[in-house]
Structures are given as structure tokens and as C-alpha cells.
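Data first, discussion second: the structure below is written as C-alpha cells.
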Amino acid sequence: MSIILGLLTLVLLYIVVVQISKASDLIKSLRSDDEQEESFSNGALFVAVIGFGVLVYSIVSCFIYGPTILPKPASEQGVWIDNLLKITIVLTGIVFVITQTLLFWFAYKYQYKKDRKAYFFADHNKLEIAWTIIPAAVLTLLIVFGIQKWFKIFSPTPKEAIRIEVVGKQYAWSVRYAGADKKLGKRDFSLVNPDNELGINWNDASSHDDFMADEIVLPVGKPVSFDIGALDVIHNFWLPHFRLMMSAVPGVPTHLWFRPTVTTEEMKKETNNPNFEYVVACNKLCGSGHYNMKKVVKVVSQEEYEKWFRSQKSYYYSVVKQ
Amino acid sequence: MQTTTTSEQHVHDNAHAHASGHHHTETFVSKYIFSLDHKTIGKQFLTMGMIWAIIGGFMSVVFRIQLGWPDETFPILERIFSSWFTDGKLNPESYYALITMHGTIMVFFVLTASLSGTFANILIPLQIGARDMASPLMNALSFWLFFFAGVIMFASLFLPTGAASAGWTIYPPLSALPQTSPGSGNGMTFWLIAMVLFVASTLLGGLNYVSTILNMRTKGMTMYRMPLTVWALFFTAIIGILSFPVLVSCVVLLIFDRGLGTSFYLSNIVIGGKLLPYSGGSPILFQHLFWFLGHPEVYIIILPAMGIVSEVLAVHSRKPIFGYKAMIFSILGITVLSFIVWAHHMFLSGMNPFLGSIFTLFTLLIAIPSAVKVFNWLTTLWRGNIRINPPSMFAIGFVSMFISGGLTGIWLGNSTVDIQLHDTYFVVAHFHIVMGIAAFFGMFAGVYHWFPRMYGRMMNETMAYIHFAITFIGAYLIFWPMHFIGLAGVPRRYYSFNEIEAFAQYGDLNKLISIATIVVFLGQLLFLVNFVYSIYRGKKSTQNPWQANTLEWTSPIEGIHGNWDGELPTVHRWPYDYSRNPNSDVDFIPQTVPLTEEEKKDKIHH
């Protein structure tokens, strides 16, 4: 019943709008030339009010929603990205405000007048060259900064990095740490079976001290290296607070390293949120559970990390051998 | 009706020699359904496009309801769409099927087929002075292949396992393995078949547009006297011809992987502890092939809109388009660059990071021709005598949207910044504004502008004003805040924001966006009402209602077969002689008016 009532109201609304519009267009068509000029002028005002209204909204919303975006970057790499982002925001922001203002200002200022002539202005090569070269110069700056940092972020992993392997499958991440030997045991897909989904080669001695972790725990200030993989479909290892991500692709090993700089405790204070935690979220559509594929990340002091590290049990000795 | 009598009388010239002496006896079917007339085929594309846009738009309303009110139940919706809902809530599988179909429908069926199909068909022959397309039969075939592609795509919605649900980009292995997602069963098969038909349709159309433009221009219509709409449609067709076949190869290999057990895209896949018998393939290969079409595709969508806007802005500001040749060369620049930027969708796909630097370079270069176009549009408005009416309003709206969405492209195209923004809501905001809303604004400008040409009547202005206000404000209310959601790290394609605490703060904003979505959708229905109403009841149009220079306004208003009675018009000048003569009372000089002696001395533009 309520659907029918709702639909009826809607239909009625459309009928009212159509009738009003019909009448209003009819009145317009009866107008003399002078009044037609007025109707164009009303149109210009209409567009200018809407245009500038939206422009004001787009600027004001930066102050409303700006504070809700990610807190300060929690990794060295994230700071580089954030800085480039800030430069980009400022440059594009200036262009945005200038061009939108000109657009709606021109639309209003040069509105139709019966006895005015538009200015026949078809070409101006110097202007064209100017607005080819100026954007090109600005973009060159962005390209140079961007590529420089890009290569730094994807530079070779430092030798002392802590080695971790994350593997995505529908809809969870498995996390494997290299043990005391700092080497991850090799995987071999011919060894895959329901008890050994990752196909870890237990004949490789370096696999024996590897352990599986429920959370990703990282020491602050130390480089950490992630070997990223996936079993079934493509996932994406997204660490929003560290500003880093990398796809997890079945059959194509990928890699990422970074240096976390802010501990979870510090970030709790920074964000005034006692429940704050770093997370990994999946960022590539991987099926119906895509939206709920997370892993908690903890950044702790070196001492805490070592304590945690020692408390972990080798997967080989505690599970496989049992 | 009228067409039958006039076409019986009309004098056939060489271009129409095959028909001379032959009387057209048209039945309802041959005139309105299996028509070979480019004007009718254009209207057919437009009608299908509007039907698809309503379906695609309605899907967004349904999934926005889930995102806006994730904890509420909607038994009413469940009663209508019982297979999509469980316990009054949209289920995740259906959510993903809906976003996939929304993307597919909007990108391919509405903004590719219908936008190009409508305006290429209606404008190319009329603006270059041709009787029809080079091959009217191929043209009709193009529409009917598009139609059947649509039938198959629509049918997939009613499959028991649901429509394709791997996103409109259908990345394998998700799209290849039905055991990973129910939509990857028959739904994906339907999707793939529909897309192969769709590409065939696009190619037939595109080849036809290019050969028509190159071969069938009337006397005096040199390439540099063509309106920018025709230039834009010309380059659009070329991009389509060069890139769409790659989508077919991409899709065919996926069909092989799905049906024949090949391993083009699959390798080392483990499901439930079992290794599947695929080896040696790469999911990244699929992405390269897909985006080799996929990125040019966005220019296939936006170039026709740019062409329409260039024409509409010039006509209604009573000024020549500023930098006609710069406009052509910037389209050419975009066309060439569009083929070498595809991997910016793949910076973080696992491809070699070295490639990221190259693609950053090319991607940001594409901002230069785009910037040139924006500055040229602004200069066209400057010191004009602008008549604000529905077409010019939407053209101005297009420029605003293109600026807003184009600038964020500079963020995303820079690989380093993209590490933070890739596949977040920021991307959703960016591409909806720049290729979704902007292209729709171009399309609306075109429909309002050429409606009198299509139906001999004017559209209702008051309804058009309401439509503009709702759409323009609504689009910013929907998509502008998504930038901030993206900067907060929220990934796109999330069924619910509430499972991960870091993303759960946007409950109220999501409600606001969903309400705006519903209002904007209702606003589009008003456009439809206006469209249908005006076909029958609109004010009768005069021969040249906008006082424009281009040839389509010299063709008889009732739209005869063959476009012009008697000889085809001869062109003497470029199409943008608005306000050229400051001493004249008339501020436009149609292309058919011969040059005066004085003008002949003037070296530029004629």
C-alpha cells in the first residue's frame, strides 16, 4: 500500500512540474525581444549562482571532511608520498579555483545583450603556446619528484630487513615470519595439499624456524620486507596508515619493503583514539567477502618486538611434526 | 508519413544514383525498426541509451541504499527483487553483481555505444553534407548487434547464479573460476558473449564513421571546415577501431581459460588446499590487454562530449571556438597518447616498477592537451554574447566537471601518489566526475541542442533548468565527498564500511550521498518526461532555432530520406563565423554563404 501511495505522490509531483513548466515556457514565448534578453539574463544568474554555490561547497567541504582523512603517515615512505600529495593538492587546488571562477564569472559577465556584439577572437598562437608550456613545466616538476620517489620506494630491500611473507586467499591473510635465520623457507606448488596450503618445502631447513602469526607485529624504525602472494584470486595488500599497497597475485610473486616510524601507542595519542589500530585491508575485488578481509598490524618498540618474537613457536616443530 | 511523399519527389543526385527511379515505399517496420536511415538509427541508439541509463542508474540507487543504510532492512525491495535480497538486505553477491553491471552498462552501453552512436549517426552525414552513411546497411547492423549484445547482458541478470560480479574490469582469476564467485559462472559467460557482439557493433559503426567522413564530404567541405563535433567523432572512431579488437583478444583468451582449460591468465592456483591444473599464465597479462582498450575507452567516451561542447559553446556564445586548430591537434594529441598510458591502471599490479615511471611520464603528458582544451573553452566564453539556455548550460557544466575530474587525474597519474590512492574511493570520485558525469553533461548538451533537428520541436526549457540544477548540484554532492573518503583510505567496491573500524566513520556522509543519488535519479526521469513530452507537445522549432552555421540546420526540418532536396549544399567557409562582421545585424554566417571579396583577402579561417 505504502509503495502505491509513494509512487502516486511521485507521479503527481511529475505532473505538477510538467504543468508548471508548460505554462512557464508558454509565457516565455509570448515575450517581446527585450524581455527575451531578460530571460537570458535570468539564465546567466541561475548558472552563476549554482556554479559559485558548488565552488563554495567544494572549498568548505575541505574544512568539514579534511580532518577525517588519514592521520600522519606512519612510515618513512609514507612521508615522501604525503609530501608529494601536498604539493599536488596545492598546485591543482590553485588551478581548480581559478578556472572554475573564470568559467562561471564569464558565463555571468558576458551574458547575452541584444545590442552587444561578441568579440571575434578565433586564434592567438602566443596564448596557445603559453598554456601549453606552463602546464608542461609544472607537470615536469611533478613527474620528476614523482619518479624520483617512486624509485626510492621500490629500491632494493636492505639486507637487515625483517622478512615476512603474506599470502591472501578468500577472505583472509596468512602471515609467515622468517625465524632466527632470517630466511623464509622455500615454497613449492607441487607440495600443496590441504595440510600444507602454501606448499612450504619442509625439506628446506630454513623453513623449520619459520612461524605463522595472527597479527603483523613490526619494530619501529627497522626496515621490514614483505613477500606477497595469493592462492586463489588477486588480492591487494593495502596498509592505509603507512600509505603503501601492493597487489597479491596468484602465480606472480610481488614485494614491498618499508620502514615504520610511528608505534601504535604513539598513533593512539596522535589520533586521540584509544582503540586505534593499524590494519591491512584488501583493496582488490576478490569476491563476496572482499569488504571484510583485514589483518591487524602492530608497530612496537624494539624490546617489545624481541619479546614477542621469542614467544612465537616454530610452525614446523609445533604443528607439522606433531 | 511526410517522408514518403517528399522522398518520392526528391531529386536524386550521383551520391544517390542507385536509387534513382525507385520509389521508396516504406512500411512501419522498414521506417522505424529495420531502418537504414542514419537519422533513425541515431534515434534508436539514443532510445536504447536512455533505457540502459535508467537501468544502470537504478542499479546505483539499489546499491547506494545498501551503502547508505547498511543496518536497515527493506522488505519492500525484497518483495520486488526477491533474488537479490535476503532478510530484507541486499546480499553481497548481488551487490557485487550490481556494481559490475552498473559499470558495464554505463561505460559500454550508454557512454560508448549510445553517445557515439547517437551523435555520430545524426551529425556526421548532416554536418558534412552527405545523403547518408557510407554503408547504411553496416550502420543498421551496428545498431542491431548492439541491441542483441544488450539483450544477452540483460538476460544475465535473471540467471540463478546471478550476473557477472567480478567488477566491470573482470580481472581473472576471479572472473575465470566459478568456484571463487557465483557470478563467474554463467553470468560471466553471458557477459563475455555480449561484449564480443558489442565490439563487433562498435567496429562496424566506427569503420563506417571514418569512411563517411573521409569520402563523403560535400563540395567545399575540406577537413579544416568540419565542425569540431565531426573531428571529435572521427578520432573517437579511430581509437575504437584500434583498441576494441584488443578487448576481443583479451576476452577470447579468457573464454579459452574458462572453457578449454588453457592457462593464459592462470597459474599456481590453490583452492581449498588443492592445486588447480593451470600453470605458466599471468593474471597481469589480462590487465595489460584489458587496459590497452580500457584506457583509450575513456577517451572514446569523453571525446564526443568534448566535440559537442566545443560546438555548443561556440554557437551559444556567438563566438568562434577559440583555437580551432589547437582544438583539433589537442584531440590528436589525446588520441595518440591514449594508447601509451594504459599501465597507469596497473602501477601496483605487480608489474615491474620500472614501467611505472614510463607510464607516469606519458600519463601526465596527456594533461597538456586537456589543459589546452579547457583554456580554449574558457577563452571562447570570454567576451562572448552568451545565450544561457539548456544546451549552453550543460556545456558549461561539462567544462566544470571536466576541470574537477581532470585535475584529480594528475594526482592518480603520478605513480608515487597513486600508491596511496589506487582503488580507493578517490578513484571512484575521479572517474565518475571526469568520464561519467562530464560525458553525461556533454550528452545532455547535445540532446538539448540537436533535439529540434531530430524531432522538429524544442524541448521544454523550464524542465531543463530543473534538470540542470538537480544534476549539477547532485553530482557534486555525490562525488565530491568521495575524494575525502578515498583520502581516508577506504577501498572502493566495499559492500559495507562497518567491518573495518578505520573506515567506519562515514555513516552520515554515506546517507547523504545515497539521498543525493536518489534525487539525481529522479531528476533524470524528469529529463525523460521532458524528452517524451517534447517529441509530441514541444514548441515547433524553426529551421535554424539556434542561428547556427553548420549544415544540419539547412536540411529540411521534417528529416527527409537523403537529407537534402535536390543538390547537396556547397560549403564556402569554416563553421565558426559567429560575430565575424561587427557591422552586420546578423551575428552568424552559415557555411553555405559564399565568401565576400573582403573575406577572401583575409588569410585565416574560411
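Throughout, a chain's letter reflects where its sequence line sits, starting with A, and its residues are numbered from 1.
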**Report entry** Among A:Ile147, A:Ile143, A:Leu142, side-chain contact (heavy atoms from CB on, under 4.5 Å) partner for B:Asn414
**Finding:** A:Leu142
Query raised in the report: If you count heavy-atom pairs under 4.5 Å with chain B, which of A:Gln77, A:Lys169, A:His124 comes out on top?
Result: A:His124
**Report entry** Closest heavy-atom pair and its distance - B:Ser165, A:Leu285
**Finding:** O-CD2, 3.9 Å
Requested in this report: Please look at A:Pro240 and chain B and tell me whether the side chain, the backbone, both or neither of the residue comes under 4.5 angstrom of a heavy atom of that chain.
Outcome: side chain
Report summary line: Separation between CG (B:Asn268) and CZ (A:Arg187), nearest 0.5 Å, reads 8.5 Å
Query - Check: A:Phe104 and B:Ser400 side chains under 4.5 Å, non-hydrogen atoms - result: yes
Query raised in the report: Which atom pair, heavy atoms only, marks the closest approach of B:Phe375 to A:Pro135?
Result: CE1-CG, 4.3 Å
Requested in this report: Check the angle between the aromatic planes of A:Phe151 and B:Phe354 and answer parallel, tilted or perpendicular using the 30° and 60° thresholds.
Outcome: parallel
**Report entry** Between CD on residue B:Gln420 and CG on residue A:Leu70, distance to nearest 0.5 Å
**Finding:** 6.0 Å
Report summary line: So CD1 of A:Ile89 and OG1 of B:Thr408: to nearest 0.5 Å the spacing works out to 11.5 Å
Report summary line: On a heavy-atom basis, the closest approach of A:Cys62 and B:Phe484 is CA-CZ, 3.6 Å
**Report entry** Contact leader toward chain B among A:Lys28, A:His255, A:Glu128, A:Met293, where contacts are heavy-atom pairs under 4.5 Å
**Finding:** A:Glu128
**Report entry** Heavy-atom side-chain proximity of B:Thr360 to A:Trp150 below 4.5 angstrom
**Finding:** no
Query raised in the report: With side chains defined as the heavy atoms from C-beta onward, is the minimum distance between A:Tyr57 and B:Leu477 less than 4.5 Å?
Result: yes
**Report entry** Close aromatic pair by centroid cut-off 6.0 Å: A:His290 and B:Tyr494
**Finding:** yes
Report task. Any chance you could measure A:Tyr291, atom OH, to B:Tyr95, atom OH, to the nearest 0.5 Å? Result -> 10.5 Å
Query - Note, B:Phe472 side chain near A:Val54 side chain (heavy atom, < 4.5 Å) - result: yes
Query - Reported CD1-to-CG distance for the pair B:Ile410 and A:Leu91, which is rounded to 0.5 angstrom - result: 8.5 Å
Query raised in the report: Relative to chain A, which segment of B:Tyr533 carries a heavy atom at a distance below 4.5 Å: side chain, backbone, both, or neither?
Result: side chain
Query - Trace of the side-chain contact (heavy atoms from CB on, under 4.5 Å) decision for A:Asp232 with B:Leu177 - result: CA-CA 9 Å; A:Asp232 38 26; B:Leu177 304 170; 5.9 Å; no
Query - Aromatic plane relationship, A:Trp131 with B:Phe322 - under 30° parallel, 30 to 60° tilted, over 60° perpendicular - result: perpendicular
Query - B:Asn385 side chain to A:Lys113 backbone, donor-acceptor under 3.5 Å - result: yes
Requested in this report: Decide yes or no on side-chain contact (heavy atoms from CB on, under 4.5 Å) for A:Val18 and B:Val529, but give the supporting numbers first.
Outcome: CA-CA 8 Å; A:Val18 171; B:Val529 169; 3.5 Å; yes
Report task. Considering non-hydrogen atoms only, spot the tightest contact between B:His422 and A:Asn236 and give its length. Result -> CD2-ND2, 4.3 Å
Report task. Measure from the side-chain N and O atoms of B:Thr416 to the backbone N and O of A:Gly146, and report whether any donor-acceptor pair falls under 3.5 Å. Result -> yes
Query raised in the report: So which of A:Thr254, A:Leu13, A:Ile234, A:Ile153 has the biggest tally of heavy-atom pairs under 4.5 Å with chain B?
Result: A:Ile234
Report task. With a 4.5 Å cut-off on heavy-atom pairs, point out which of A:Gly251, A:Ser41, A:Gly43, A:Ala118 contacts chain B the most. Result -> A:Ala118
Query - Which atoms of B:Met459 approach chain A - backbone, side chain, both or neither, heavy atom under 4.5 Å - result: backbone
Query raised in the report: According to the interplanar angle, ranging from 0 to 90°, do the rings of A:Phe46 and B:Tyr465 count as parallel (below 30°), tilted (30 to 60°) or perpendicular (above 60°)?
Result: tilted
Query raised in the report: For the side chain of A:Gln170 and the backbone of B:Thr180, is there at least one donor-acceptor N/O pair under 3.5 Å apart?
Result: yes
**Report entry** side-chain contact (heavy atoms from CB on, under 4.5 Å) assessment of B:Leu522 paired with A:Tyr14
**Finding:** CA-CA 10 Å; B:Leu522 295 176; A:Tyr14 279 109; 3.5 Å; yes
Query raised in the report: Any side-chain heavy-atom pair from B:Ile386 and A:Phe40 closer than 4.5 angstrom?
Result: no
Query raised in the report: Is it true that the side chains of B:Thr462 and A:Ser21 contain a donor and an acceptor less than 3.5 Å apart?
Result: no
Query raised in the report: If you count heavy-atom pairs under 4.5 Å with chain B, which of A:Leu26, A:Thr99, A:Val47 comes out on top?
Result: A:Thr99
**Report entry** Backbone N/O of B:His483 and side chain of A:Tyr65: donor-acceptor pair under 3.5 Å
**Finding:** no
Requested in this report: Could you check which of A:Leu10, A:Leu102, A:Leu103 has the highest count of heavy-atom pairs closer than 4.5 Å to chain B?
Outcome: A:Leu103
Report task. Answer yes or no: is there an ion pair linking A:Asp25 with B:Lys539, defined by an N-O contact shorter than 4.0 Å? Result -> no
Query raised in the report: Are B:Ser404 and A:Gln100 close enough that a side-chain donor and a side-chain acceptor fall under 3.5 Å?
Result: yes
Report task. Just do the side-chain contact (heavy atoms from CB on, under 4.5 Å) check on A:Phe120 and B:Tyr578 with the steps written out, would you? Result -> CA-CA 7 Å; A:Phe120 187 84; B:Tyr578 293 102; over 6 Å; no
Query raised in the report: Cut-off 3.5 Å, side chains only: do B:Tyr495 and A:Ser288 have a donor facing an acceptor?
Result: no
Query raised in the report: Looking at B:Arg492 and A:Asn283, what are the two nearest heavy atoms and their distance?
Result: N-OD1, 4.3 Å
Query raised in the report: Is a side-chain N or O of B:Arg537 found less than 3.5 angstrom from the main chain of A:Lys22, in a donor-acceptor match?
Result: no
Requested in this report: Answer yes or no: is there a side-chain heavy-atom contact under 4.5 Å between B:Glu501 and A:Glu277?
Outcome: no
Requested in this report: Tell me, for B:Ala469 versus chain A, whether the close heavy atoms (under 4.5 Å) come from the side chain, the backbone, both or neither.
Outcome: both
Query raised in the report: Hey, what do you get for CG (A:Asp123) to OH (B:Tyr324), rounding to the nearest 0.5 Å?
Result: 11.0 Å
**Report entry** Check: A:Ser61/B:Trp480 side-chain N/O donor and acceptor closer than 3.5 Å
**Finding:** yes
**Report entry** Heavy-atom check, side chain of B:Pro283 versus side chain of A:Val252, under 4.5 Å
**Finding:** yes
Query - Side-chain touch A:Lys117/B:Ser584, heavy atoms, less than 4.5 angstrom - result: no
Query raised in the report: At their closest point, which heavy atom of B:Ile419 faces which heavy atom of A:Arg243, and how far apart are they?
Result: CG2-O, 3.4 Å
Query raised in the report: Should A:Lys294 and B:Glu499 count as an ion pair when the cut-off is N to O under 4.0 Å?
Result: no
Report summary line: Which of B:Ile269, B:Ile271, B:Leu266 passes side-chain contact (heavy atoms from CB on, under 4.5 Å) with A:Pro250? Answer is B:Ile269
Query raised in the report: Donor-acceptor pair, A:Trp238 side chain versus B:Thr424 backbone, under 3.5 Å?
Result: no
